[in-house]
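Keep in mind that what you see is a predicted model, and the values were worked out from it rather than measured.
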Amino acid sequence: MGVMIRFRLALPFVLISLLFLIFAAAGIWLNWNLVSPANHALSLFMCLMFAIAAGISVSIGFDRSGRIPWWRMGIVALFIALAMGVAWVRGMT
């Protein structure tokens, strides 16, 4: 598998992960004084999950195994889904 194909596979995952990370971090920064400490903890945990997803997404582009990294793509999707679950729980607090 060529370099361009690997980066084309990784690009949507990187963009989605970073976009969610930026918006979650901006939400923390804008609402820090308006919400509870539990909301702060959940928001920071959500940012951590998006940062991990972004890191794994970048690793998809640098994978040199020659195979399509299905496991990594699945893990990124799982981290994004779990972070959305954390956002849902955060909305209930």
Answer with yes or no whether the hydrophobic clustering places [X] together with [Y]; edges join I, L, V, M, F, W, Y residues whose side-chain heavy atoms lie under 4.5 Å apart.
| X | Y | value |
| --- | --- | --- |
| Ile52 | Leu78 | yes |
| Trp32 | Phe23 | no |
| Leu34 | Leu42 | no |
| Val14 | Leu82 | yes |
| Trp70 | Ile75 | yes |

Phe62 atom CZ, neighbour heavy-atom count above 12 within 6.0 Å: no
Verdict with reasoning, Leu19 to Ile22, per side-chain contact (heavy atoms from CB on, under 4.5 Å): CA-CA 5 Å; Leu19 186 67; Ile22 289 168; 5.7 Å; no
side-chain contact (heavy atoms from CB on, under 4.5 Å) assessment of Ile56 paired with Met73: CA-CA 8 Å; Ile56 296 171; Met73 291 189 291; over 6 Å; no
Nearest-0.5 Å distance, CD1 of residue Ile60 to CZ of residue Phe7: 11.0 Å
Atom pair CZ/CG of Phe50 and Leu18 - distance to nearest 0.5 Å: 11.0 Å
Looking at every non-hydrogen atom in both residues, tell me the closest pair between [X] and [Y] and how far apart they are.
| X | Y | answer |
| --- | --- | --- |
| Leu9 | Pro69 | CD1-CD, 4.3 Å |
| Ala83 | Met46 | O-SD, 3.5 Å |
| Arg90 | Ser43 | NH1-OG, 2.9 Å |
| Cys47 | Leu21 | O-CD1, 3.3 Å |
| Arg6 | Gly61 | NE-O, 3.2 Å |

Are the side chains of [X] and [Y] in touch, meaning some heavy atoms are under 4.5 Å apart?
| X | Y | result |
| --- | --- | --- |
| Met84 | Phe20 | yes |
| Leu48 | Leu44 | no |
| His40 | Val35 | yes |

Set of residues satisfying salt bridge (Lys or Arg N to Asp or Glu O under 4.0 Å) with respect to Arg72, sequence neighbours excluded: Asp63
